[in-house]
Chemist: 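The structure's right below; bear with me while I get my questions together.
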Amino acid sequence: QVQLVESGGGSVQAGGSLRLSCAASGDTFDYYHIGWFRQVPGKKREGVSCISGSDEKTRYVDSAKGRFTISIDNSKDTVYLQMDSLKPEDTGVYYCAADLMPVCNPHADIKTSLYDLWGQGTQVTVSS
């Protein structure tokens, strides 16, 4: 079973960029679907983007389209979330999650309930 470790969070000013990494250990990402989620205090964890490890099909929520890019490096078993043009509303703890089921559907919502495996999260703070 894969374990997930996120890194790359930090504090930036609005308009800046960050690249988050989600590294897998114990297994390969080849057969997983991987998602990135954001949570702010007092609110539900929400999906931001996801990718299929096998065919690299992707999905973004509307607020991330054009600003965030999800990618996978299968040689390193790492998924990245490149976040550009960051806004204060992007602030939160970012989690990566994985599942063996085909849960990353380009035409469906990115739902927390569909992912079984979770990392510990990394904090992203965007100041205005």
Chemist: Can you check whether Ser17's main-chain N or O pairs, donor with acceptor, with Asp84's side chain at less than 3.5 Å?
Modeler: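 Side chain of Asp84 to backbone of Ser17: no pair is present.
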Chemist: Say whether Ile51 and Phe68 are linked into one hydrophobic cluster, either directly or through other cluster members, by side-chain heavy-atom distances under 4.5 angstrom.
Modeler: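 Yes; tracing contacts between hydrophobic side chains, which count when under 4.5 Å, links both residues.
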Chemist: Look at the side chain of Thr78 and the backbone N and O of Lys76, then say whether any donor-acceptor pair between them is shorter than 3.5 Å.
Modeler: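 Yes, Thr78 side chain to Lys76 backbone: donor-acceptor pair under 3.5 Å.
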Chemist: What about Val48 and Tyr80, same hydrophobic cluster or not, with Ile/Leu/Val/Met/Phe/Trp/Tyr joined at side-chain heavy-atom distances under 4.5 Å?
Modeler: no
Chemist: Under 3.5 Å, is there a donor-acceptor pair between the side chain of Ser49 and the main chain of Arg59?
Modeler: yes
Chemist: Can you name the side chain to side chain donor-acceptor pair (under 3.5 Å) partners of Gln3, sequence neighbours left out?
Modeler: none
Chemist: Is there side-chain contact between Ser54 and Tyr31, with heavy atoms separated by less than 4.5 Å?
Modeler: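 No - every pair of side-chain heavy atoms lies 4.5 Å or more apart.
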Chemist: Between Lys87 and Asp90, is the closest basic N to carboxylate O distance under 4.0 Å?
Modeler: no
Chemist: Between Asp99 (side chain) and Asp116 (backbone), is there a donor-acceptor pair under 3.5 Å?
Modeler: yes
Chemist: Nearest 0.5 Å, what's the OG-CD distance between Ser127 and Gln13?
Modeler: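 Reported value, rounded in 0.5 Å steps: 5.0 Å.
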Chemist: Under the rule for ring pair (Phe, Tyr, Trp, His ring centres under 6.0 Å), what residues qualify as partners of Phe37, not counting sequence neighbours?
Modeler: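 Residues passing ring pair (Phe, Tyr, Trp, His ring centres under 6.0 Å) with Phe37: Tyr115, Trp118.
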Chemist: Checking the side chain of His33 only, and the main-chain atoms of Ser52 only, is there a donor and an acceptor separated by less than 3.5 Å?
Modeler: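 Checking the backbone N and O of Ser52 against the side chain of His33, no donor-acceptor pair under 3.5 Å is found.
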Chemist: Given 3.5 Å as the limit, does a donor-acceptor pair link the side chain of Glu6 with the main chain of Gly121, or not?
Modeler: yes
Chemist: Does Arg45 count as lying over the ring of Tyr95, i.e. NZ or CZ under 6.0 Å from the six-ring centre, within 45 degrees of the axis?
Modeler: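 Because its charged atom sits under 6.0 Å from the ring centre and within 45° of the axis, Arg45 does stack over Tyr95.
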